[in-house]
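In what follows, a structure is listed as structure tokens, so that the remarks can point back to it.
We're numbering straight along the sequence, starting at 1. These numbers come from the heavy atoms of this one structure, side chains and all, not from hydrogens, waters or symmetry mates.
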Amino acid sequence: MFLFTTATIWPVCGPTSFQHLRTVDGELCGFYREACQRLQLLENDDHWDQTLNDAVISSHAHQIRTLFSIIICICFPSNPIDLWIKYKDYMCDDILYQIWNRMGNPNIQINEEIYNEALISIVDMFLMMSNKLLIQLGLIAPNHRTLKDLRSNHNQFGGAMILLAGDFRQTLPVIPRSTPADELNACLKSSNLWKYVKVLHLSKNMLVELQNDQSGNIFSKQLIDIGNGKFPIDMLTGCINFSRSFCQLTRSKDELIQKVFPDVARNYRNHD
């Protein structure tokens, strides 16, 4: 909003309020973006319109949705909703085709439910590209059917018990062009739903227990120590010091490849 507010200050003489900044020809605009557009302070979307128009000639619907997501997330067109309205049918062709095959009825036409499926697909791309929702970039949000709707129950997850399995020692979520703060905010522990989660800790390695493998038991404990930061670290390099009993050490990447995939050029078809 700051950018649009700044842009509207220049042509408005002696503004007395924020509402004054949003007033064009005596009419109060709903958003600063709208005021900037009416004052012709923003570039029009002809370039992005033409880009999508070229894409629909030969591109698959999924590719058009991807291109649309890139344009909205990175190029920031002034009126993304108009681009969506103009090209939404082209972005839904594959979804319509899947429904034809599933229902066995090629007479089904594109409807709001199909548009909604396309928007849900675009939401996923937005989150990967910019970690933003559609509504934050000027588009309409899809109508997600939640477990509350499906189960007619207003409790969290529609009253269903959801089992999640994982290891908090693993790598943080990968978000392109993000900051460490973005990655932390994308973690489950940062979710508003985390307060409803009950954490249960598994204490036995069942593979080791069933096979009665003591070496495997030692190895699994060493892995947990690494995850908990209890393994010794070389103060000069900052690297973990592995003992020779923990694993086989290699001196180069080529040696590692040879150890893991011996004679891969000859054995890559050997499934034994």
Q) Quick one: do the Asp46 and Gln50 side chains pair a donor with an acceptor below 3.5 Å? A) no
Q.
For the backbone of Val56 and the side chain of Ser59, can you confirm whether one donor and one acceptor N or O come within less than 3.5 Å of each other?
A. no
Q: Kindly say whether Asn155 contributes a backbone atom to a donor-acceptor pair with the side chain of Asn153 at under 3.5 angstrom?
A: yes
Q) For the side chain of Ser191 and the backbone of Cys187, is there at least one donor-acceptor N/O pair under 3.5 Å apart? A) no
Q. Got a donor-acceptor contact below 3.5 angstrom from the Arg65 side chain to the Met91 backbone?
A. yes
Q) Ignoring hydrogens and geometry, is there a side-chain-to-backbone donor-acceptor pair from Ser190 to Ala186 under 3.5 Å? A) no
Q: Could you tell me how the ring of Trp84 sits relative to the ring of Phe68: parallel (under 30°), tilted (30 to 60°) or perpendicular (over 60°)?
A: tilted
**Q.** Flag if over 12 foreign heavy atoms under 6.0 Å of CD1, Ile135
**A.** no
Q) Under the 3.5 angstrom rule, does the side chain of Asp182 hit a backbone N or O of Thr179 as a donor-acceptor pair? A) yes
Q) For the residue pair Trp100 and Tyr97, does the interplanar ring angle fall in the parallel (under 30°), tilted (30 to 60°) or perpendicular (over 60°) class? A) perpendicular
Q) Okay, side chain of Asn105, backbone of Asn107: is any donor-acceptor separation there less than 3.5 Å? A) yes
Q: Would you tell me whether Asp45 and Ser78 have side-chain atoms, one donor and one acceptor, within less than 3.5 Å of each other?
A: yes
